[in-house]
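Working notes for the structure below.
Each chain gets a letter, A, B and so on, in the order its sequence line appears, and its residues count up from 1.
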Amino acid sequence: MAMAMRLPAIARAATEMASAPVGLRRLFCSNATNFSFLSPQANSETPARPQADPSTNLFVSGLSKRTTSEGLRTAFAQFGEVADAKVVTDRVSGYSCGYSKGFGFVRYATLEDSAKGIAGMDGKFLDGWVIFAEYARPREPYRPQNNMPPSPYGNRY
DNA sequence: CCTGAGCGC
């Protein structure tokens, strides 16, 4: 009869997990081999958190949901000339009119100002939340839709 | 949508 399918729940779970996608298995298994705390000699430049190269553009996270682009600009303008500041908003209730996603971008006029902006604002409070300021990675390339005009609103970098 | 790590249209 069907006696072979009488497996313990543990065995069935292990069988299913072995055939799961690797992205899902990483949540349960510990296949990682680069445990820096187990290999003290691997101190040489092993960035688990790759920092972006210095730029005039800053990525600011940890923002309050009530912080606006204007509030972001005002806070960072204490440490340099802010060329542009934008809080990323979700598209619930309209384009760029939704609620904040909790992070944003601040572009300074110069590299010196952006460095002072990080030093002055990283780890500080803004609207009751500890925010984190770091150099932003290059923005994902702008891909115009197939039949859309290339730049109706002007692309900023 | 008021959630809490992250990289924008």
query: Once you round it to whole Å, what is the distance between P of B/dC7 and CG of A/L72?
result: 17 Å
Show the atom names and distances, to 0.1 Å, of all donor-acceptor pairs under 3.5 Å that link a side chain in residues 71-82 of chain A to residues at least two apart or in another chain.
| residue | atom | partner | partner atom | Å |
| --- | --- | --- | --- | --- |
| A/R73 | NH1 | A/V82 | O | 3.0 |
| A/R73 | NH2 | A/A83 | O | 3.4 |
| A/T74 | OG1 | A/E70 | O | 2.8 |
| A/Q78 | NE2 | A/A75 | O | 2.7 |

field: Proximal nucleotide (of B/dG6, B/dG8, B/dG4) relative to the A/K86 side chain
entry: B/dG8
field: A/K101 NZ to B/dG8 C1', straight-line distance once rounded to whole Å
entry: 8 Å
- prompt: Looking at DNA chain B, which of residues 108-130 of chain A put a heavy atom within less than 4.0 Å of it?
  reply: A/W129
task: Name the nucleic acid region contacted by A/L58, choosing base, sugar-phosphate or nothing; use a 4.0 angstrom heavy-atom cut-off, strictly under.
output: nothing
query: Roughly, in whole Å, what's the span from CG in A/D90 to P in B/dG8?
result: 12 Å
- request: Look at A/R139 and B/dC7 and indicate whether a side-chain polar atom (N or O) is within less than 4.0 Å of OP1 or OP2.
  value: no
Where at least one partner belongs to residues 114-123 of chain A, residue pairs that pass salt bridge (charged side-chain N to carboxylate O under 4.0 Å, His left out), sequence neighbours excluded: A/D113-A/K116
- request: Side chain of A/E134 only, please: which of B/dC7, B/dC9, B/dG4 is the nearest?
  value: B/dC7
query: Rounded to the nearest 0.5 Å, how far does CG of A/L63 lie from CZ of A/F103?
result: 9.5 Å
Rounded distance [0.5 Å steps], OH in A/Y135 versus CD1 in A/I118: 4.0 Å
task: Could you list the residues that satisfy salt bridge (Lys or Arg N to Asp or Glu O under 4.0 Å) with A/K101, not counting sequence neighbours?
output: none
message: Any base atoms under 4.0 Å from A/G62, or only sugar-phosphate, or nothing? Heavy atoms, all strands.
response: base
statement: Here the distance between atom P of B/dC7 and atom CZ of A/R137, to the nearest Å, is 5 Å
field: Options B/dG4, B/dG6, B/dC7, nucleotide nearest the side-chain atoms of A/F105
entry: B/dC7
message: Tell me every residue that passes side-chain hydrogen bond (donor to acceptor under 3.5 Å, both in side chains) with A/S100, counting only those two or more places apart in sequence or in another chain.
response: none
query: Starting at CG of A/L63 and ending at P of B/dC7, how long is that distance when rounded to a whole Å?
result: 14 Å
statement: note: A/K65, atom NZ; B/dG4, atom C1'; distance rounded to Å ~ 6 Å
message: Without decimals, in angstroms, what is the distance between A/R107 CZ and B/dC9 P?
response: 15 Å
task: Side chain of A/F59 only, please: which of B/dG6, B/dA5, B/dG8 is the nearest?
output: B/dG6
task: Report the distance from atom CD of A/Q51 to atom C1' of B/dG6, rounded to the nearest whole Å.
output: 14 Å
Would you be so kind as to tabulate the donor-acceptor pairs closer than 3.5 Å made by side chains of residues 124-134 of chain A, with sequence neighbours excluded?
| residue | atom | partner | partner atom | Å |
| --- | --- | --- | --- | --- |
| A/K124 | NZ | A/G120 | O | 3.2 |
| A/D127 | OD2 | A/T67 | OG1 | 2.6 |

